[in-house]
Each structure stands twice: as C-alpha cells, then as structure tokens.
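Heads up: the structure comes next, in structure tokens.
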Amino acid sequence: MIFSTEDRERLTAPLKKADDVFACRIRSMASFCMGKPETIFYTDGINCALYVENGNAVVWISRIAPRRTSEDICALLSVTARSIRSNRPLLLRRYVQSRGFIFSGNAAPSFEPEVTEDLRACADVWQSVFPAEFSGESGDVRYADCSHAIRHGMSRVFCIKGEAAMLAFCTDAGYVVADQMAVVPWSRGSGYAGKLLSHAAAVLRPEKGFWFESRDEKSDRFYEKYRFRRAGEWYAYTRAED
C-alpha cells in the first residue's frame, strides 16, 4: 500500500542503502520541502519512495519490490502527475515513454574565470536549447523553481554567458547531480561544457563525482568523451494529452 507521509524517516527508510540519482533527488527534496503543500511525498515504507511537485513526479523503486508496488504507484501517478521520471520502467497507460542512460564520474577541478552563477543568463541558454521547457509560461515556472531551489541551498547554477549553462541539483552521498547541461548549437565543440564541469568540480568538490541523466545519443557521446561511465538507466513518462 502506498501512502502519503510527512515523516522524513519513514520516507527515506527504503532509500538508506540506495546509491543512485533518484534516491539522491528524493532524499534532498525531503530535506528542503517536507511539509510544503506543493510537494507531496509517498512511500510504502519498504520498497519505494516518490514525490509529486506541481504535477511532476520523481520515483524510486527497489529492485526487489513486488509487482503490486509498481501497480499501486502507477495508479497513484495516473491521477497526480503529468510527467514522471523513474529509476525503473512503469506500466502507465496514456503516457509516452522515453528512456536514457545515467552517467557517473569525476571532472578535473579548475576555476574558470568566465564562469558565473547568473540564473538569468542560464535561463537564456536553456531557452535556446530546450525551448519547449523554458519558453512562455512553462519557462516562467521553471525559472521560479530554480530560483527557489537556489535560495534554499538546494541548487547552484553555472553559466558561460550566451554559450553554456548547467544546474547542480544537490550534493548527496558524495555526489553532485547535474541537470540541464546545455550548450547553444552554434558553440558546440568549443569546450564550454567541459569548462562548466571543471569549474563546478572546483567549487562543489564532490567526493564521488557527478551524476548525469543523458537525454539522447549526442549527450551519451559527450559524457563518454569526458570518460564518464554508464551507471544505469532512467525512464521518463509524459501524459499523452499534454
């Protein structure tokens, strides 16, 4: 049975030994957002943990979870979430599935003078690279979410103005989760992404390195170029009517 909870210990109990990007995201969200009405946390106390924030869900399911656990999660998400990211495949009707690889590894730390922590400059880059996510009303929401996370110490942004941007989601279990790594199309191949990673490594000093959720084959090749290793898969679902 899946139930909502505001008990942090109960929520994170299934995640205590989990060393992956989705467990990291949920533990970190629980640290900053537990009890806030826009974020609802769920668990069965044994095999799963998840949260739904403004219709967007992040799900972690253990490898030994029974089929019923996945079915209960799917029933819950079908009425609460329009987009979902999960460490395991889900059987969801009326959702479009995509999938990608998780990469993990270290970057050589180096302070780069052209790198700033300017959220507006980052948003301009993201809008160029991810227009569906960062334009119009959707972009305003994403910008507000990033600003909120930065103010509460959950995230840092790194940018080379007009060229490249990334968001470091959080530090947990010795890792930094890197999101929204983007380089504008006309500047790709110029080494800007590598500079962002090196600068973030110098500032944040992750003990075990970075986690990345690769979106496509081009992203895969980028992470492989920098000798990051594949460390699993992730699954994304978007409600078809959206």
Problem - Side-chain heavy atoms of Gln180 within contact of Glu213, under 4.5 Å - result: no
Handout entry: Arg230 charged N/C atom sitting above Phe101 aromatic ring, 6.0 Å / 45°
Key = yes
Completion exercise
Tested for side chain to side chain contact (heavy atoms under 4.5 Å, CB included) against Val52, the lone hit among Thr39, Leu76, Thr80, Val58 is Thr80
Practice task
Report yes or no: is the cationic atom of Arg215 (NZ for Lys, CZ for Arg) under 6.0 Å from the centre of the six-membered ring of Phe130, at an angle within 45° of the ring normal?
Solution key: yes
Problem - Heavy-atom donor-acceptor pair, Ser190 side chain to Ser187 backbone, under 3.5 Å - result: yes
Exercise for the section: Flag this pair as yes if the NZ/CZ of Arg120 is under 6.0 angstrom from the six-membered ring centre of Tyr143 and inside a 45 degree cone about the axis; otherwise no. Expected result: yes
Handout entry: The single option from Val96, Leu92, Val59 passing side chain to side chain contact (heavy atoms under 4.5 Å, CB included) against Tyr237
Key = Leu92
Practice task
Please indicate whether Arg188 has more than 12 foreign heavy atoms, meaning atoms of other residues, nucleotides or ligands, lying under 6.0 Å from its CZ.
Solution key: yes
Exercise for the section: List the steps, then state whether side-chain hydrogen bond (donor to acceptor under 3.5 Å, both in side chains) holds for Asp220 with Ser214. Expected result: CA-CA 6 Å; Asp220 293 346; Ser214 181; 2.5 Å; yes
Problem - Ring centres under 6.0 angstrom apart (Phe134, Trp126) - result: yes
Handout entry: Face-on cation placement of Arg85 at Trp234 ring, 6.0 Å and 45° thresholds
Key = yes
Exercise for the section: Go through the steps for Ser147 and Arg151 under the test side-chain hydrogen bond (donor to acceptor under 3.5 Å, both in side chains), then give the verdict. Expected result: CA-CA 6 Å; Ser147 179; Arg151 288 198 308 273; 2.9 Å; yes
Practice task
Answer whether the closest heavy-atom distance between the side chains of His199 and Glu114 falls below 4.5 Å.
Solution key: no
Fill in the blank from the handout: The reported gap from CD1 in Ile46 to OG1 in Thr69 (rounded to nearest 0.5 angstrom) is 8.0 Å
Completion exercise
To the nearest 0.5 Å, atom CZ of Arg99 lies from atom OG of Ser86 at 11.5 Å
Exercise for the section: Determine the minimum heavy-atom distance between Pro14 and Cys48, stating which atoms define it. Expected result: CG-O, 3.6 Å
Exercise for the section: Determine, for Glu9 against Lys16, whether the closest basic-nitrogen to carboxylate-oxygen distance falls under 4.0 angstrom. Expected result: yes
Practice task
Given side-chain hydrogen bond (donor to acceptor under 3.5 Å, both in side chains), test Glu112 with Ser110 step by step and report yes or no.
Solution key: CA-CA 6 Å; Glu112 302 291 340; Ser110 174; 3.1 Å; yes
Exercise for the section: Would you mind reporting whether Ile150 and Leu119 have side-chain heavy atoms less than 4.5 Å apart? Expected result: yes
Handout entry: Asp216 and Ser219: side chain donor to acceptor below 3.5 Å
Key = yes
Practice task
Supply the members, apart from Phe3, of the Ile/Leu/Val/Met/Phe/Trp/Tyr cluster built from side-chain contacts under 4.5 Å; use none for a lone residue.
Solution key: none
Practice task
With the side chain counted from C-beta on, respond yes when Trp60 and Asp20 share a heavy-atom pair under 4.5 Å apart, and no when they do not.
Solution key: yes
Exercise for the section: Determine yes or no for a side-chain-to-main-chain donor-acceptor pair under 3.5 angstrom, with Ser138 supplying the side chain and Glu133 the backbone. Expected result: yes
Exercise for the section: For this output row, return yes or no: ring centroids of Phe228 and Phe212 closer than 6.0 angstrom. Expected result: yes
Problem - Interatomic distance, Cys74 atom SG to Arg93 atom CZ [nearest 0.5 angstrom] - result: 10.5 Å
Problem - Spatial distance of atom CG (Asp179) from atom CH2 (Trp211) [nearest 0.5 Å] - result: 13.0 Å
